Amino acid sequence: INAEYMGNFIQFSASKMMKSGSRPTEQDSIEQMSVDDFSLTKCRSFIHHQSKITSLAWGNALKNPTQLVSVDEGGKLVHWDAFTGEIIQQIQVSKSWIMDVDFEQSEGKKVACGLIDGKLCIYLVNQSTRDQKKQQEDIHVKPTYELDGHVGAVLCCRFLNTNYLVTGSSDSSVALWDLENPQRSLSSHTQHTSDVVSLAVCEEDGNFFLSGSTDLTTKIWDVRMKNPALNSYEGHESAINSVAFLPKSTKLFATGSEDSTVRLYDLRMQKALQVFRDKSNQGESYDPIYSITFSRSGRLLFAGSENQQLKVWDVLGNGEILKHINLGHSKLIKKVAISADGFALASADPNGKIIISQPCLLYTSDAADDLLCVDLGGRRIFKKK
């Protein structure tokens with residue numbers, strides 16, 4: 001499997017994404033452009049948290065593409081609009097840390113919070129106007145579901161679909177939950193030998209998910225199997241803080257680690273296809289990777305790290321850093337996430353600041369009315385008059 005194979009797959013993914021109805025909805029003509037031309041522009045900066053942000057997640061691509069949920073060490077959940085800055089709802093979930101948050105993607109009406117005390121709290125959002133207004137007035141609203149089964153902190157949580165979730169814990173276990181029977185987990189698995197710190201669900205098939213652990217392994221799971229852990233992947237020298245499937249793919253995924261590298265894998269191969277490094281920082285300060293995300297076409301890979309600049313790699317490149325982008329963070333970037341429609345990137349730092357970035361807007365020299373915008377997939381989209 002080489003760059004030609006990857007290139008063909010990514011080109012197919014980009015075409016499929018546009019045909020599926022992603023923005024812009026007008027008939028647009030697309031031409032390939034050099035990823036060297038890619039850049040991001042900081043659009044807005046928000047501070048909705050007084051405590052350190054631990055995680056964030058975007059809303060559904062069709063129903064609420066501009067909505068975000070973010071959580072912090074003070075136990076607060078904030079549901080807000082990333083482009084207006086308007087807070088839709090605030091909830092004091094706990095008096096202690098919320099470790100992770102996820103926004104259900106099918107209907108966009110559930111949010112899950114993993115807590116340091118081992119509980120998983122599920123809240124309903126985007127309800128009817130009357131119900132939403134009532135909830136907004138109560139910051140101490142009780143969760144619709146409270147799942148309790150881990151003996152350690154719930155370090156990561158992801159929706160598989162509307163009613164099923166998966167969680168990873170500091171007790172080394174991965175648990176599957178059904179909201180129709182929330183009293184106990186459907187199953188719990190201890191194939192990892194240390195903290196499970198990251199999860200990712202395949203958007204093409206919600207039966208598959210990845211788990212990353214401080215035991216230096218990444219595992220692929222199929223919830224339909226009696227023994228759901230299908231395979232294990234090694235190569236990192238430290239904890240695997242973040243995992244992500246390539247968009248529109250059931251085979252390719254990336255892992256971001258405390259060892260300062262990101263690795264690209266194919267499920268059918270044991271060794272990594274590519275190792276992405278930032279050689280400009282080699283031998284200098286400690287620079288672990290905390291969070292990774294792909295552009296919607298899969299061409300670009302973004303990473304947040306101890307370095308306050310966003311790292312960008314070309315997936316078809318040689319593994320060397322494509323560029324660093326200064327978005328305005330004064331400390332490490334704890335979390336990065338691409339919106340479900342691919343047209344914005346959110347990044348969060350420990351100061352409680354969340355920055356929303358979008359591609360640079362370019363204008364033709366001969367016709368300033370013809371807007372050219374570069375999306376996060378490394379493509380140029382010409383919007384017709």
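Here the structure is a predicted model, which means the values were calculated and not measured.
- Applying the salt bridge (charged side-chain N to carboxylate O under 4.0 Å, His left out) rule to pairs touching residues 143-172 yields Asp100-Arg158, Lys119-Glu146, sequence neighbours excluded.
- Side-chain contact annotation: Glu258 with Asn241, donor-acceptor N/O pair under 3.5 Å present.
- Judged as a side-chain hydrogen bond (donor to acceptor under 3.5 Å, both in side chains), and not counting sequence neighbours, the contacts of Ser96 are Ser94.
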Please tabulate, one pair per line, all N/O donor-acceptor pairs under 3.5 Å involving side-chain atoms of residues 218-228, not counting sequence neighbours.
from, atom 1, to, atom 2, distance (Å)
Lys219, NZ, Ser232, OG, 3.1
Trp221, NE1, Ser211, OG, 2.7
Asp222, OD1, Arg224, N, 3.0
Asp222, OD1, Arg224, NE, 3.0
Asp222, OD2, Arg224, NH2, 3.0

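- Judged by distance alone, the side chain of Arg263 and the main-chain N or O of Gly235 form a donor-acceptor pair under 3.5 Å.
- With contacts defined as side-chain heavy-atom distances shorter than 4.5 Å, the pair Gln358/Thr41 does not qualify.
- For the pairing with His150, the side chain to side chain donor-acceptor pair (under 3.5 Å) check across Ser185, Ser172, Ser170, Ser173 returns one residue only, Ser173.
- Residues satisfying the side-chain hydrogen bond (donor to acceptor under 3.5 Å, both in side chains) test with Gln270, not counting sequence neighbours, are Asn231.
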After noting the C-alpha distance and the side-chain angles of His79 and Tyr123, does the key distance pass the ring pair (Phe, Tyr, Trp, His ring centres under 6.0 Å) rule?
CA-CA 11 Å; His79 176 205; Tyr123 292 89; over 10 Å; no
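- Although no hydrogens or angles enter the test, the distance criterion places a donor-acceptor pair under 3.5 Å between the side chain of Ser242 and the main chain of Ile292.
- No continuous path of ILVMFWY side-chain contacts below 4.5 Å connects Phe294 to Val243, so the two sit in separate hydrophobic clusters.
- Looking only at distances, a side-chain donor or acceptor of Ser291 sits under 3.5 Å from a matching main-chain atom of Val336.
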Before you tell me yes or no, could you show the steps for Phe302 and Leu345 under side-chain contact (heavy atoms from CB on, under 4.5 Å), namely the whole-Å CA-CA distance, both residues' side-chain angles and the distance that decides it to 0.1 Å?
CA-CA 9 Å; Phe302 304 93; Leu345 181 142; 3.8 Å; yes
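- Sorted by first and then second residue, the salt bridge (charged side-chain N to carboxylate O under 4.0 Å, His left out) pairs involving residues 42-69 (not counting sequence neighbours) form an empty list.
- Judged purely by atom type and a 3.5 angstrom limit, Ser257 uses its side chain to pair as donor or acceptor with the backbone of Ser238.
- Of the candidates Leu115, Val101, Ile98, Leu115 is the only one forming a side chain to side chain contact (heavy atoms under 4.5 Å, CB included) with Cys121.
- Remark: Ala112 pairs with Leu120, Ile122, Cys157, Phe159, Leu165 by the side-chain contact (heavy atoms from CB on, under 4.5 Å) rule, at least two apart or across chains.
- Clustering of Ile, Leu, Val, Met, Phe, Trp and Tyr side chains at separations under 4.5 Å places Leu332 together with Tyr290.
- Within the 3.5 Å criterion, the main-chain N or O of Thr84 finds a donor-acceptor partner in the side chain of Asp81.
- The pair Arg299-Asp314 counts as a salt bridge, with a side-chain nitrogen and a carboxylate oxygen less than 4.0 angstrom apart.
- A donor-acceptor contact closer than 3.5 angstrom is absent between the side chains of Asn60 and Glu104.
- Crowding of Tyr145 atom OH: a count of heavy atoms from other residues, nucleotides or ligands under 6.0 Å exceeding 12.
- Follow the hydrophobic side-chain contacts under 4.5 Å out from Leu300 and you reach Ile338 in the same cluster.
- For CD of Glu237, the number of neighbouring non-hydrogen atoms (other residues, nucleotides, ligands) closer than 6.0 Å is 12 at most.
- Applying the ring pair (Phe, Tyr, Trp, His ring centres under 6.0 Å) rule to pairs touching residues 248-272 yields Tyr233-Phe253, Tyr233-Tyr265, Phe253-Tyr265, sequence neighbours excluded.
- With sequence neighbours left out, the side-chain contact (heavy atoms from CB on, under 4.5 Å) criterion links Ser330 to Asn351.
- Using a 4.5 Å heavy-atom cutoff, the side chains of Val262 and Thr255 are not in contact.
- Between Ala340 and Gly59, the shortest heavy-atom distance links the atoms CB-O, 3.5 Å.
- Applying the salt bridge (charged side-chain N to carboxylate O under 4.0 Å, His left out) test to residues at least two apart or on different chains, none of the pairs has a partner in residues 206-216.
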Please assess Leu176 against Leu160 for the test side-chain contact (heavy atoms from CB on, under 4.5 Å), listing each intermediate value before the final yes or no.
CA-CA 9 Å; Leu176 178 66; Leu160 297 175; 3.3 Å; yes
For His329 and Ile355, run side-chain contact (heavy atoms from CB on, under 4.5 Å): C-alpha distance rounded to whole Å, both residues' side-chain angles, the deciding distance at 0.1 Å, then the answer.
CA-CA 8 Å; His329 291 288; Ile355 293 175; 3.7 Å; yes
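- Under a 3.5 Å cut-off, the side chain of Ser213 and the backbone N or O of Asp195 do form a donor-acceptor pair.
- Cluster membership check: Ile354 shares its hydrophobic cluster with Ile87, using side-chain heavy-atom separations under 4.5 Å among Ile, Leu, Val, Met, Phe, Trp and Tyr.
- The environment of Lys334 atom NZ is sparse: at most 12 non-hydrogen atoms of other residues, nucleotides or ligands sit within 6.0 angstrom.
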Verdict with supporting geometry, Arg277 and Asp287, salt bridge (Lys or Arg N to Asp or Glu O under 4.0 Å)
CA-CA 11 Å; Arg277 292 185 172 89; Asp287 192 23; over 6 Å; no
Starting from the C-alpha separation in whole Å, work towards a yes-or-no answer on side-chain contact (heavy atoms from CB on, under 4.5 Å) for His236 and Asp259.
CA-CA 7 Å; His236 284 293; Asp259 65 11; 3.0 Å; yes
Begin with the C-alpha distance, continue with both residues' side-chain angles, and end with the deciding distance and a verdict on side-chain hydrogen bond (donor to acceptor under 3.5 Å, both in side chains) for His192 and Thr190.
CA-CA 5 Å; His192 283 292; Thr190 55; over 6 Å; no
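- With hydrophobic clusters built from ILVMFWY side chains whose heavy atoms lie under 4.5 angstrom apart, Val174 shares a cluster with Val201.
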Going by atom type alone, with no hydrogens or angles, which donor-acceptor pairs under 3.5 Å involve a side-chain atom of residues 315-324 and a protein atom two or more places apart or on another chain?
from, atom 1, to, atom 2, distance (Å)
Asn318, OD1, Glu320, N, 3.0
Lys323, NZ, Asp36, O, 3.2
Lys323, NZ, Phe38, O, 2.5
His324, NE2, Asp278, OD1, 3.4
His324, NE2, Asp278, OD2, 2.7

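- In terms of hydrophobic clustering, with Ile, Leu, Val, Met, Phe, Trp and Tyr side chains grouped at heavy-atom distances under 4.5 Å, Met269 and Ile240 are assigned to different clusters.
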Per-pair distances, 0.1 Å, donor-acceptor, side chain in residues 69-78, under 3.5 Å, sequence neighbours excluded:
from, atom 1, to, atom 2, distance (Å)
Ser70, OG, His49, NE2, 2.7
Ser70, OG, Trp80, NE1, 3.1
Asp72, OD1, Gly74, N, 2.8
Asp72, OD1, Gly75, N, 3.1
Asp72, OD1, Lys76, N, 3.0
Asp72, OD2, His49, ND1, 2.7
Lys76, NZ, His48, O, 3.2
Lys76, NZ, Gln90, OE1, 3.1

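- When atom types are taken as modelled, the side chain of Trp177 and the backbone of Arg184 share no donor-acceptor pair closer than 3.5 angstrom.
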One pair to check against side-chain hydrogen bond (donor to acceptor under 3.5 Å, both in side chains): Asn126 and Gln67. What are the steps and the verdict?
CA-CA 10 Å; Asn126 295 322; Gln67 290 185 10; 3.0 Å; yes
